[in-house]
Undergrad: 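Once you've had a glance at the structure underneath, I'll fire off some questions.
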2 protein chains.
Amino acid sequence: MTRRKLETAASRATDPGVSPDTQDRQFVTSLARGLEVLRAFGPGEATLGNQEIAERTGLSKPTISRLTHTLVDLGYLSYSARNGRYQLGPGVLALGYAMIAGLEVRERARPMLEDLAASANVTVAIGERDRLNIVYLDCCRGSQTVALSLNVGSRIPLGSTALGRAILAKLPAGEREYLLRAMRERMPEDYPKIEHGVEQAIRELETQGFCTSFGDWRNDVNAVGVPVASLDGERLFGLICGGPSFTLSTETLMQDLGPRLVEIAGRLSAPRQVTAD
Amino acid sequence: MTRRKLETAASRATDPGVSPDTQDRQFVTSLARGLEVLRAFGPGEATLGNQEIAERTGLSKPTISRLTHTLVDLGYLSYSARNGRYQLGPGVLALGYAMIAGLEVRERARPMLEDLAASANVTVAIGERDRLNIVYLDCCRGSQTVALSLNVGSRIPLGSTALGRAILAKLPAGEREYLLRAMRERMPEDYPKIEHGVEQAIRELETQGFCTSFGDWRNDVNAVGVPVASLDGERLFGLICGGPSFTLSTETLMQDLGPRLVEIAGRLSAPRQVTAD
DNA sequence: ATGGGAGTTCCGCACAGCGAAAGATACTTT
DNA sequence: AAAGTATCTTTCGCTGTGCGGAACTCCCAT
């Protein structure tokens with residue numbers, strides 16, 4: 001039982017499409033496939049037909065037909081007989097809420113995020129890794145200019161954002177390398193920048209306690225980030241603070257906001273550091 | 001033992017009418033079971049062990065073991081080796097966001113909800129049915145804008161709320177009866193009230209275009225609701241407007257807010273705006 | 001130490017779920 | 001209108017997946 005969670009946690013945690021040739025007797029394929037179907041509904045693809053799902057997932061049409069049938073039956077997909085297309089259904093949203101409602105880190109973090117967002121008029125967010133993305137768990141904005149009400153749940157890339165870098169940098173080396181490898185395979189052209197950014201983030205975390213992304217994700221967005229471990233030490237989150245580059249200078253981030261983020265992260269972490277690694 | 005009950009009841013709670021109880025060759029059991037595992041994580045149960053999941057779902061321990069293993073692998077569950085318990089993972093949240101981001105009704109409804117919530121200082125929400133619950137798809141509050149996105153995705157009962165009644169009342173009779181029957185089985189003691197409320201809602205919708213729930217869900221909450229069909233006519237949503245009974249009188253709801261809700265519902269259903277074809 | 005409870009692994013069997021191809025339906029094209 | 005095209009569903013045997021009882025391991029309590 002030596003090779004346990006580290007490997008499996010990283011094993012399929014990357015990308016759809018190819019099912020890794022694991023003879024894992026513990027792995028339930030149909031479940032994974034069904035979830036892959038749900039995952040096919042991305043930002044740009046609010047509605048999909050069976051054909052499109054089959055293409056995106058690489059599964060055969062009859063399989064898709066059965067899976068969608070099942071998912072509709074359970075309320076995770078809605079079917080429009082009008083145009084033969086599916087949409088994500090209410091069941092999926094209820095699950096998402098249950099997830100966020102049960103997250104104690106979020107509860108504890110929220111007042112601090114609000115405080116910082118309001119006092120410095122920046123965007124503050126907490127996120128977690130999901131495969132090769134970061135998912136926003138919570139988000140506070142300074143001035144309610146344009147209220148894009150909830151990007152809680154939205155994804156941003158892992159490699160180029162301050163949030164992603166903070167998390168990658170804090171990850172055990174093995175897992176980090178696994179993820180970097182997956183990114184290199186998937187987007188070889190972006191990889192050099194990604195790798196460089198992550199290496200820099202590791203150094204920054206060592207020296208100053210927070211890492212940066214100045215224009216690396218969107219070139220008009222600056223942000224600083226810190227990692228935060230859950231109380232039981234099993235989950236790794238990231239905390240960022242950022243804004244448009246013409247509002248938010250790198251100096252402010254480096255000298256004021258970064259340190260404040262570090263301080264918040266300290267308060268969020270367990271009172272006693274039990275780093276048994 | 002009687003383990004068939006919960007599972008099948010839950011499965012069919014979405015699909016009304018002539019679902020032949022014959023072994024549905026289209027139905028992928030493992031997928032349904034896996035999703036049932038995720039669903040076991042309710043409001044009160046942020047973390048669960050395998051044993052508890054097995055009890056809640058009625059599945060055998062080895063089966064749960066395999067399903068949780070798979071779900072952890074895919075990022076839909078997080079596992080804490082510390083105490084051997086699971087939590088919903090980030091993947092689930094990303095799905096929820098994709099669902100809500102792809103909902104055009106929500107986009108179109110939002111400005112109207114905000115407007116009404118602000119001008120009348122009430123809570124306005126849009127929801128959809130998920131099995132025997134209503135799931136909030138969006139929610140605007142009048143004055144206290146503190147917790148805005150928090151209860152998106154949260155569930156309220158189908159039978160006693162204005163939202164649930166609006167949807168039940170507008171449903172095809174067969175489906176409505178199917179759901180009522182399911183509710184009678186599951187909560188026989190509450191059923192008489194539920195049935196009465198729904199019958200009343202049907203009458204109210206006919207006569208005044210909106211239905212009511214005055215203290216029937218929480219006895220200090222008043223609300224009025226209307227059904228809204230999606231543009232393609234395939235999905236049925238509900239719109240409510242409500243607040244605490246000491247702030248929001250039944251008269252205001254009946255004479256002012258109810259009609260305004262009806263008007264909003266009309267604008268949501270009618271695609272003929274200032275469109276130049 | 002010792003017992004009990006929780007979780008995982010073994011194992012053979014049944015049948016769930018798979019995919020090629022045929023059938024059904026809706027939507028275009030000529 | 002009729003043939004053509006694209007999409008989705010159903011059929012049908014075969015295979016291998018996933019199932020559960022029982023045995024095994026681990027972790028806490030006491």
Side-chain angles (χ1 to χ4, degrees), chain A residues 1-5 7-8 12 19-37 40 45 47-74 77-87 232 234, chain B residues 1-4 7-8 11 15 18-20 22-37 40 45 47-74 77-87 232 234:
Chain A
M1 71 187 64
T2 56
R3 40 154 184 106
R4 297 207 59 248
K5 288 183 8 53
E7 269 191 30
T8 53
R12 282 176 203 75
S19 55
D21 40 10
T22 319
Q23 297 287 347
D24 191 351
R25 288 278 275 145
Q26 291 282 93
F27 192 75
V28 181
T29 316
S30 328
L31 173 55
R33 288 175 164 177
L35 290 166
E36 221 48 54
V37 167
E45 341 254 25
T47 77
L48 294 174
N50 271 340
Q51 180 91 323
E52 295 164 285
I53 300 175
E55 284 161 11
R56 273 161 190 66
T57 57
L59 300 169
S60 73
K61 283 194 292 179
T63 300
I64 295 299
S65 206
R66 262 173 280 127
L67 293 174
T68 51
H69 175 90
T70 306
L71 290 168
V72 167
D73 209 16
L74 297 171
L77 283 183
S78 298
Y79 179 65
S80 169
R82 184 88 38 142
N83 54 5
R85 302 187 129 247
Y86 299 88
Q87 271 184 84
D232 63 0
E234 299 278 350
Chain B
M1 301 294 283
T2 58
R3 83 168 30 141
R4 56 184 170 81
E7 196 181 335
T8 50
S11 306
D15 199 345
V18 271
S19 65
T22 67
Q23 295 275 358
D24 190 350
R25 289 279 275 141
Q26 291 285 93
F27 194 77
V28 180
T29 316
S30 328
L31 173 53
R33 288 176 165 177
L35 290 166
E36 220 50 49
V37 167
E45 340 253 29
T47 76
L48 293 174
N50 270 343
Q51 179 91 325
E52 295 165 285
I53 301 176
E55 285 161 8
R56 274 162 190 66
T57 58
L59 299 169
S60 72
K61 282 196 296 177
T63 299
I64 294 298
S65 207
R66 265 173 275 131
L67 294 175
T68 51
H69 174 90
T70 306
L71 290 168
V72 168
D73 216 13
L74 297 170
L77 283 182
S78 298
Y79 179 65
S80 169
R82 185 89 38 144
N83 54 5
R85 301 189 130 246
Y86 298 89
Q87 270 185 81
D232 64 0
E234 298 279 349

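Just so we're on the same page: letters track the sequence lines, and every chain starts at 1.
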Undergrad: Would you say Thr29(A) places a side-chain N or O within less than 4.0 Å of OP1 or OP2 belonging to dT17(D)?
TA: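 False: Thr29(A) side-chain N/O out of range (4.0 Å or more) of dT17(D) OP1/OP2.
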
Undergrad: Let me know which of Ile64(A), Asn50(A), Thr70(A), Leu48(A) forms a side chain to side chain contact (heavy atoms under 4.5 Å, CB included) with Val37(A).
TA: Ile64(A)

Undergrad: Among the candidates dC8(D), dG21(D), dA6(C), find the nucleotide nearest to the side-chain atoms of Gln51(B).
TA: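 So the nucleotide nearest the side chain must be dA6(C).
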
Undergrad: Can you find a side chain N or O atom of Thr63(A) that sits less than 4.0 Å from OP1 or OP2 on dG19(C)?
TA: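 Result: yes.
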
Undergrad: Expressed as a whole number of angstroms, how long is the span from Lys61(A):NZ to dA21(C):P?
TA: 12 Å

Undergrad: Does the pair Glu45(B)/Arg56(B) count as a salt bridge with the N-to-O cut at 4.0 Å?
TA: yes

Undergrad: Charged N to carboxylate O below 4.0 Å: is that the case for Glu52(B) and Arg85(B)?
TA: yes

Undergrad: How do Ser60(A) and Thr68(B) order along DNA chain C: which one's closest nucleotide is nearer the 5' end?
TA: Thr68(B)

Undergrad: Can a side chain N or O of Gln26(A) be found less than 4.0 Å away from OP1 or OP2 on dT9(C)?
TA: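 Looking at the OP1 and OP2 atoms of dT9(C), one of them is under 4.0 Å from a side-chain N or O of Gln26(A).
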
Undergrad: Please report, rounded to the nearest Å, how far the P atom of dG19(C) is from the CD1 atom of Ile64(A).
TA: 9 Å

Undergrad: Looking only at side-chain N and O atoms, does Ser65(B) come under 4.0 Å of OP1 or OP2 in dG7(C)?
TA: no

Undergrad: What I want to check is whether an N or O donor and acceptor connect the side chain of Arg66(A) with the base of dG19(C) at under 3.5 Å.
TA: yes

Undergrad: Over how many whole Å does the gap from Phe27(B) atom CZ to dG18(D) atom C1' extend?
TA: 16 Å

Undergrad: dG17(C) P sits how many Å from Leu59(A) CG, rounded?
TA: 14 Å

Undergrad: Are Ser30(B) and dG18(D) close enough that a side-chain N or O sits under 4.0 Å from OP1 or OP2?
TA: no

Undergrad: Taking Gln26(B)'s backbone N and O only, do any of them form a donor-acceptor pair with Arg66(A)'s side chain (distance below 3.5 Å, no angle check)?
TA: no

Undergrad: dG17(C) phosphate, OP1 or OP2: any side-chain N/O from Arg33(A) under 4.0 angstrom?
TA: no

